K.L.:
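Encoded as C-alpha cells, here's the structure I'll be asking about.
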Amino acid sequence: NNGDGVEDYPEDPGCSSGDDNYEFIEPGNITFAATPPLVKKGQSCKLQLSAIHVASCALSGPGISQTYVATQGVVSTTQVITPTLTLTSEYKLSCLGVDGKTTSKTVTCKVAPTFEEF
C-alpha cells in the first residue's frame, strides 16, 4: 500500500493488479486560484493552492519563490499573499507527481488600468 488513502487493487486506479508493486499515479486535483483576480495598483492578490498525489510543489512569480513538500502525497490548502502589484503579474504552480512527472498551472493577478487627465 502506497499510503494514498485508497486501498490497493482493485480500488486504487494506480494499481493494475494484486501483484503490482509500482503504482503509477499522475498528479491530480491541483487547485490554484488568485483572489481577487483584478486589483487596484498597489494592492495584493491572495493565491490559494493545494494538490494531491504529489511529492512537492513550487510556486513562482514576481516577488514569490516557495517550495512546498507534500505530506503523504498532499500539499494542504495554503494561502500566499503577493507583494503589492504595480503591473499585471503571472504566477505558476508546478507540482512534481509521485511518479516523477510535473504538472503546472498558472494564474494571473490583473492590475486595473489607471487613467490620468492631461
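Along the sequence shown, the residues carry numbers beginning at 1. Computed from a predicted model, the values in this text were never measured in an experiment.
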K.L.:
Taking side chain to side chain donor-acceptor pair (under 3.5 Å) as the test, write out the residues that go with S94, two or more places apart.
P.N.:
S104

K.L.:
Using the rule given for side-chain contact (heavy atoms from CB on, under 4.5 Å), can you reason through L47 versus L59, listing the C-alpha separation, both sets of side-chain angles and the distance that settles it, and then say yes or no?
P.N.:
CA-CA 10 Å; L47 306 175; L59 174 62; 4.2 Å; yes

K.L.:
Go through the steps to decide whether T82 and S44 satisfy the test side-chain contact (heavy atoms from CB on, under 4.5 Å), and finish with yes or no.
P.N.:
CA-CA 5 Å; T82 67; S44 300; 3.6 Å; yes

K.L.:
Looking only at atom types and distance, does a side-chain atom of S56 sit under 3.5 Å from a main-chain N or O of Y68, one as donor and one as acceptor?
P.N.:
no

K.L.:
Quick check: does any side chain N or O of Y91 sit under 3.5 Å from a backbone N or O of T108, one acting as donor and the other as acceptor?
P.N.:
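Such a contact is absent between Y91 side chain and T108 backbone.
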
K.L.:
Is there a side-chain contact between K110 and V39, using heavy atoms and a 4.5 Å cut-off?
P.N.:
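Heavy-atom side-chain distance check fails, nothing below 4.5 Å.
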
K.L.:
Apply side-chain contact (heavy atoms from CB on, under 4.5 Å) to T77 and L49, showing your working.
P.N.:
CA-CA 5 Å; T77 300; L49 59 102; over 6 Å; no

K.L.:
Does any N or O in the side chain of K41 come within less than 3.5 Å of the main-chain N or O of P113, such that one atom is a donor and the other an acceptor?
P.N.:
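Such a contact is absent between K41 side chain and P113 backbone.
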
K.L.:
May I have the step-by-step check of side-chain contact (heavy atoms from CB on, under 4.5 Å) for Q48 and T35, ending in yes or no?
P.N.:
CA-CA 8 Å; Q48 295 181 282; T35 56; 4.1 Å; yes

K.L.:
Keeping the roles fixed (side chain from T103, backbone from C95), state whether a donor-acceptor pair exists under 3.5 Å.
P.N.:
no

K.L.:
Is it true that a side-chain atom of T86 and a backbone atom of T84 form a donor plus acceptor pair closer than 3.5 Å?
P.N.:
no

K.L.:
Checking the side chain of S89 only, and the main-chain atoms of C109 only, is there a donor and an acceptor separated by less than 3.5 Å?
P.N.:
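Here the side-chain-to-backbone pair does not exist.
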
